[in-house]
Colleague: 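Just passing along the structure, written as C-alpha cells.
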Amino acid sequence: MLELKHIEKYYNQGTVNEMCLFDDFSLTINQGEFVSVVGSNGSGKTSMLNLICGSIPLDGGRILINGKDITKMPEFKRQRTIGRVYQNPAVGTCPNMTILENMSMADTKGKPFNLRWGTDRQRITHYRELLSSLGLGLEDKLDVKVGVLSGGQRQAMALLMSTMTPIEFLILDEHTAALDPKTAETIMELTGKIVKEKNLTAIMVTHNLRYAVEYGNRLLMMHQGQTVLDCSGDEKTSLRVEDLLEQFNAISIECGN
Amino acid sequence: MSIILGVINEGLIYALMALGVYITYSILDFPDLSVDSTFPLGAAVAATMILAGVPPFLTLFIAFAAGALAGTATGLIHVKLKVRDLLSGIIVMTALYSINLSITDNKANLPIFSQETIFENAFIDGLAKPLSEYSTVIILLLIVLVVKILLDLYMKTRSGYLLRAVGDNETLVTSLAKDKGSVKILGLALANGLAALSGAVYCQQKGFFEISIGTGTIVMGLASVIIGTKVFSRFGKIKATTAVILGTIVYKACISAAMAMGLKTLYMKLITSLFFLIILVVSENRKKKVR
C-alpha cells in the first residue's frame, strides 16, 4: 500500500514566480491496484510520480509504503521496490552496452554489484525466453548494442528490465507517449500482461484517454494539484472516453479558456 | 633502435595513466584533471619509499592506493559537495602539489639512481646478455599487460557493468537501486590509482622524482585515449584497452619524431598541446563538448 499524506510541493519558492503545486494533497493506493492518471499539462501528474520515487524533494507531508515512512529515503534506495519506465525510451537502457549486458544488470538489481561475473551464463536461456515473449526478435540479438535498437524496441526492453526482479510498484510515466500508434499499442498490451502476471501495483500517467479507460482498475483525473475524479470498480468499468473528455472540458471552462 | 625502444618504454609507462584517463573520460564522461597531480603523487610515494628501504615492487601497490585515495577525494568533492566535475579535479590537483612536496620532505627533486628499483636489481643484473638488454621493456610490457587484463576482467564483473552504466545512463543506475555517486567515486579512485601507478613506474625507470613531471599529464592521457579509441577502433574488433595502450605509444612516437626533427626541449609542452589540438580537430571530438 502506498500512502501520500498531506503533501505540499512548491516550485520557485521565495521568488516572485513561486507556484504552489500541491497543498495538502493526499492519496492512498492499495495493493494490486492499477491506477491510470490523466490530467492536463502542469496538473501535477509527473510531479506526483517524482515525489513517490524521490526524484524531487517534498516541502511537506509524508509518503508511506506499507506503513513504512520513506519520506527521507534517498531515490536510489526507494527503487529497490519500485520499477519505473520513463517517457523517453533512452532512459530505461544503457545504449553502449549489449542487450545481454543490460538484461544481466536488470537481473542483478537487489543483489550486490560485486566482483562476480556480470553475466551469469546459466541465465541466458531465461533472458532469451523473456525477450522472445516481446515478439520483437530481440532474443537473437543478444550481443547487439541497445543504442542501435528503435525506440519501441528499447521501451519494450525498459519495461521488461524494470519488472524483471521482484518489485511492488510499477511507475509508468507516459511510457507510450514517444512511440508510434502501433508500437504504443504493443507496449500497452505488454504492460497490461506484465501487471496482471506479476500482480503488480501500478501507477500509469498517460495522455491517451483510451488507454486510461481500457487499462487499470482505478482512474484519477488531476487538476491543479488536486484529484478531481477518482473512480474504481464498476464506476471505472462503465467509464467511457466521452465522459472523460466532458470532465476535461469542464475543468478548462473553470480556468476560463 | 634505442630511440624506438625509448618511445616504447615511455609509451608503456604512460599507457598505465592513459588507461586511467580512459576510465574517467570515455567510461565515466568525467573530465578529471586530478591525474596531473596523482601521476607525480605516485612518483613521490615510490621514490620516498624506495629511499626508506621498502621493496620497489611493493611501492607500486602503495602508490596505487595513494592515487586511489586522491581520486576518492575528487569524487567526494564532486558527489557529496556537489562541485562541478572540472573544478573538483582542479581543487585536488592544486592541493596535491603541496602534499606531493610534503611526501618528499619539501624536495622538488629526489634522485633514486643508486637504489634498487623494479628495473635495476640483483636479479636483473644476473640475466644473460640478450635478455638483460631488453629487460626494461619486458618488465614494462608485463606490468601493462597485467593491468590491462585485470581491467578487462573487471569490466565484465557486476561492479564493472555498473561503472560502464553510470557514464552511459545515470538514471538506469538509480533504477537499479544503486547510488550513482558511489559508482563515480569508485571509477575516479580506480583511474587515479592507475595514474599514480604510472608515476611510480616512471620514477623508477627514470631514477628520480621531480615535482613538475605531472604537468600536462591529462593532455597526454586524453590525446592517447582519443588516438587509441578513434584510430585503432577502425581496425576491426580490438579491445578499447588495447587501443588505448597502442594510442599512447603512437602519441609518444609522434612527439619524439617532432623532437628528432630538431625542436628544442623547451617547446615540448607547446608541441604536446598543439598535437592534442590537431587530434581533437581531426577526430571531431570537439563537437560533443563545445556548445
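Just so you know, these numbers come straight off a predicted model, no measurement behind them. Every chain is numbered from 1, with letters handed out A, B, ... down the list of sequences.
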Colleague: Just checking Phe57(B): does its CZ atom have more than 12 heavy atoms from other residues, nucleotides or ligands closer to it than 6.0 angstrom?
Modeller: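 No - once you tally the heavy atoms of other residues, nucleotides and ligands closer than 6.0 Å, there are 12 at most.
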Colleague: Between chain A and chain B, which N/O donor-acceptor pairs sit under 3.5 Å?
Modeller:
unit_1, atom_1, unit_2, atom_2, d
Ala90(A), O, Asn169(B), ND2, 3.3
Val91(A), O, Asn169(B), ND2, 2.7
Thr93(A), O, Asn169(B), ND2, 2.7
Asn96(A), N, Asp168(B), OD2, 2.7
Asn96(A), ND2, Asp168(B), OD1, 2.9
Glu101(A), OE1, Arg164(B), NH2, 3.0
Glu101(A), OE2, Arg164(B), NH1, 3.3
Glu101(A), OE2, Arg164(B), NH2, 3.1
Lys109(A), NZ, Ser175(B), O, 2.9
Pro112(A), O, Arg158(B), NH1, 3.1
Asn114(A), O, Ser159(B), N, 2.9
Arg116(A), O, Arg158(B), N, 2.9
Gly118(A), N, Lys156(B), O, 2.7
Thr119(A), OG1, Tyr161(B), OH, 2.5

Colleague: Where on Ala90(A) is there a heavy atom nearer than 4.5 Å to chain B: the side chain, the backbone, both, or neither?
Modeller: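 Backbone only.
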Colleague: Grab the two heavy atoms, one from Leu172(B) and one from Gly92(A), that are nearest each other, plus how far apart they are.
Modeller: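 In this case the closest contact between Leu172(B) and Gly92(A) is CD1-O, 3.0 Å.
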Colleague: A side-chain contact here means heavy atoms from C-beta on lying under 4.5 Å apart; do Phe76(A) and Leu176(B) qualify?
Modeller: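 The answer is no, as the side chains (C-beta and beyond) never meet within the 4.5 Å cut-off.
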